[in-house]
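The block underneath contains the structure these notes are about, expressed in structure tokens.
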Amino acid sequence: MFSNQSRLHHWKLKAQELLGIDLRSLAIFRISIALIIIVDLITRASDLEPHYTDRGVLPIDRVIEDSPKWRVSVHLLNGSIEFQAALFVIAGLFAVALLLGYYTRFVTPVVWFLTISLNSRNPFLMQGSDYLLCLLLFWSMFLPLGARYSIDHLRNPHRFQESNVIFSGGTVAALLQICFVYWFSVALKSSKDWLIRGTGIYYALMLDRYVTNFGKLLLESHPLFLKFLTYATMGLEAFGPLLAFSPFFSGPVRCLVIVSFTVFHVSMGLALELWLFTYICMASWLLFVPGWFWDQLLGKFKTPVQGVYSPIREQATWKNVLAAFFLIYVLMWNLRTVNPSLFFPKVIQSIGYSLRLDQWWGLFRGPSRKDGWHVMVGKLQDRTQVNLLNPDRTVSWEKPELVIAIYKNHRWRKYLRFMRFESLQFKEDYTRYLCQRWNETHTDTKQLASLEIYFLHETNYLNRRVSKPKKELLLSYTCE
């Protein structure tokens with residue numbers, strides 16, 4: 001028989017095992033997040049002028065006029081391409097330092113700040129991947145990212161020799177934040193398509209603004225298979241994170257959960273154009289990789305250390321208190337997305353927006369049956385027409401074979417979604433940019449005289465039926 005004290009000690013160690021993070025897993029997470037940031041910066045840099053300078057689609061003055069006062073961004077200090085390029089280079093250098101684990105405790109907050117600053121420069125480009133990346137970087141500031149596989153560790157190898165596991169307020173908050181993504185995704189999927197009819201995946205794959213060729217192929221599957229995928233998605237998101245905290249056979253069960261979510265996100269990323277969201281989600285699950293996995297993988301080469309860091313030794317008490325406060329904060333924020341009537345003062349909301357703790361995990365919650373694509377018709381001085389979205393192709397009102405292919409990239413597609421809902425000034429900023437960009441590279445009669453932006457609406461139904469497209473003129477603009 002075990003004494004009460006031994007039982008208490010056992011469950012205390014079990015709690016630390018389940019709510020702690022292995023330092024080797026933390027190191028692989030650090031490397032993955034740094035690589036994602038570098039890739040993101042490179043892809044964003046291809047649209048440096050249109051998205052982030054005053055010569056682009058959203059001048060700084062417009063952002064400052066329309067944005068709340070709590071939004072802080074060094075990218076709003078100057079709208080020149082030279083200044084923005086310099087910030088991109090600086091962000092890239094710090095991301096490389098994070099990748100290598102060099103002065104990690106200092107570098108991590110800088111990378112987080114530059115990331116939220118960049119997103120605040122043009123909020124119309126933000127997607128779910130950007131929100132999740134900001135959140136992971138925020139919680140990373142409470143974690144010793146450089147404790148393994150880093151220059152920091154090489155320079156001071158004795159600092160982290162006591163244990164392979166860190167247990168603190170930061171580890172609890174980071175792990176639960178990842179769980180919130182899935183639990184509140186389920187909570188927001190309250191429509192009959194997900195809960196009763198089982199058509200949630202079907203309608204998600206019917207959205208041409210997201211679906212890929214693989215997604216179209218999947219859409220041809222038997223309706224019962226798509227219904228199975230719908231309920232399997234709900235089940236995995238609801239119960240998968242719970243199983244990650246199983247106190248029995250913890251290592252193998254957690255690895256099974258990680259593999260399940262990896263397969264889920266890879267499949268979703270193949271079927272739907274979600275860009276970095278797929279990779280960021282998979283990177284987040286690296287925090288759950290248990291020490292059991294590394295011990296099995298490394299075998300006789302495993303690091304001969306056991307136990308758990310003391311939260312007080314590794315992380316100051318005030319940091320644990322701060323992590324607990326923000327964990328409660330994001331929990332309240334997520335609860336309010338499910339029930340907007342919950343009390344949440346605007347003063348407190350500003351904290352979330354300024355630190356980019358704001359979050360909403362309701363993608364495909366309907367999912368929407370409304371869909372469509374843009375057609376941009378430019379009229380030149382010689383009265384010929386050009387396709388401004390795809391200048392190499394003629395203007396066509398026929399539905400593209402692959403809608404996502406008509407947009408340069410996912411951020412342009414996201415930005416243009418706002419054309420239907422934002423102010424006239426927002427639309428004119430974009431059309432002014434189009435005129436300026438075209439006329440700088442064309443002369444005389446080939447210059448752009450005017451343009452019209454249309455959105456062709458569709459409504460999706462069961463059995464792959466789609467309504468006849470309806471043409472909506474979003475804006476008619478004359479180039480100055």
Side-chain angles (χ1 to χ4, degrees), residues 15 18-21 29 127-140 142 169-196 198 200-201 204 229-247 250 253-265 267-269 272 274 277-278 280-290 323-344 349 352 356-367:
L18 297 177
L19 295 173
I21 297 176
F29 166 79
Q127 304 181 55
S129 59
D130 300 307
Y131 287 98
L132 183 54
L133 180 60
C134 289
L135 288 164
L136 292 177
L137 287 172
F138 176 82
W139 295 118
S140 292
F142 294 88
T171 65
V172 175
L175 295 178
L176 288 180
Q177 171 66 80
I178 297 166
C179 296
F180 291 165
V181 174
Y182 301 96
W183 287 336
F184 286 98
S185 174
V186 171
L188 289 167
K189 289 186 177 79
S190 58
S191 71
K192 293 181 179 180
D193 289 313
W194 288 99
L195 300 178
I196 299 176
I201 292 295
L229 291 180
T230 298
Y231 292 132
T233 297
M234 293 288 283
L236 180 63
E237 291 187 330
F239 300 108
L242 285 175
L243 286 175
F245 297 105
S246 170
S250 305
V253 170
R254 181 168 284 194
C255 287
L256 180 62
V257 170
I258 294 170
V259 170
S260 299
F261 274 103
T262 300
V263 172
F264 169 67
H265 284 295
S267 302
M268 189 166 63
L272 301 166
L274 302 175
F277 186 73
T278 298
I280 296 172
C281 286
M282 290 193 295
S284 70
W285 279 99
L286 292 173
L287 293 177
F288 281 88
V289 176
F325 167 79
F326 282 118
L327 176 61
I328 295 172
Y329 181 89
V330 298
L331 174 61
M332 292 174 58
W333 188 288
N334 279 292
L335 289 172
R336 194 173 63 94
T337 65
V338 178
N339 184 1
S341 64
L342 290 178
F343 179 69
F344 207 65
Q349 291 180 42
R356 278 300 172 201
L357 298 177
D358 54 314
Q359 49 196 285
W360 181 79
W361 309 115
L363 183 64
F364 305 123
R365 66 168 181 164

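Any value given below was found using the heavy atoms of this structure, including those in side chains, with hydrogens, waters and symmetry copies removed. Remember, predicted model here, so these are calculated numbers, not experimental data.
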Within the distance-only criterion (no hydrogens, no angle test), does the side chain of W360 pair as donor or acceptor with the backbone N or O of T337 below 3.5 angstrom? no
Within 6.0 Å of CZ in R336, more than 12 heavy atoms from elsewhere: yes
Of all heavy-atom pairs linking W285 and P241, the shortest is CH2-CA, 4.3 Å
Give the C-alpha distance, both sets of side-chain angles, the deciding distance and a yes or no for side-chain contact (heavy atoms from CB on, under 4.5 Å) between F184 and L335. CA-CA 8 Å; F184 286 98; L335 289 172; 3.8 Å; yes
Which pair of heavy atoms, one from S284 and one from L136, lies closest together, and at what distance? CB-CD1, 3.9 Å
Let me confirm one number: the OG-NE2 distance from S260 to H265, rounded to the nearest 0.5 Å. 11.0 Å
Beyond-backbone contact of S267 with V263, side-chain heavy atoms, under 4.5 angstrom: yes
Check L135 against R356 and note the closest heavy-atom contact, atom names and distance. CD2-O, 3.8 Å
Compute the ring centroids of F245 and F288, then answer whether they are less than 6.0 Å apart. yes
Might you confirm whether atom OH of Y231 has over 12 heavy atoms from other residues, nucleotides or ligands at distances under 6.0 Å? yes
Could you tell me how the ring of F264 sits relative to the ring of F261: parallel (under 30°), tilted (30 to 60°) or perpendicular (over 60°)? perpendicular
Interatomic distance, OG1@T171 vs CD1@I21, rounded to 0.5 Å, equals 5.5 Å
Compare all side-chain heavy atoms of S140 with those of F29 and state whether any distance is below 4.5 angstrom. yes
Using a 3.5 Å distance criterion without hydrogens, assess whether the side chain of S246 forms a donor-acceptor pair with backbone atoms of L243. no
Under a 4.5 Å cut-off applied to non-hydrogen side-chain atoms, are L357 and W333 in contact? no
Backbone N or O of L18 within a donor-acceptor pair of the R254 side chain at under 3.5 Å? yes
If you take the centroid of each ring, where Trp contributes its six-membered ring, are Y329 and F344 closer together than 6.0 Å? yes
Counting distance only, does the side-chain N/O of N334 pair as donor-acceptor with the main-chain N or O of L331 below 3.5 Å? no
Here the gap from I178 atom CD1 to L287 atom CG, rounded to the nearest 0.5 Å, amounts to 4.5 Å
With a 3.5 Å distance limit and no angle check, can you tell me whether W194 reaches the backbone of F364 through a side-chain donor-acceptor pair? yes
Using the six-membered ring wherever Trp is involved, compare the ring planes of W361 and F277 and label them parallel, tilted or perpendicular (cut-offs 30° and 60°). tilted
I280 CD1 to D130 CG distance, which is reported to the nearest 0.5 Å: 7.0 Å
Heavy atoms of V186 and A238 approach each other most closely as CG2-N, 3.7 Å
Check L132 against V181 and note the closest heavy-atom contact, atom names and distance. CD1-CG2, 4.0 Å
Taking all heavy atoms of T230 and all of G200, pick out the closest pair and write down the distance. OG1-N, 3.6 Å
Is the shortest heavy-atom distance from the side chain of W183 to the side chain of L242 under 4.5 Å? yes
Side-chain heavy atoms of L342 within contact of M332, under 4.5 Å: no
For L363, the side chain to side chain contact (heavy atoms under 4.5 Å, CB included) test, sequence neighbours excluded, returns Y210, L274
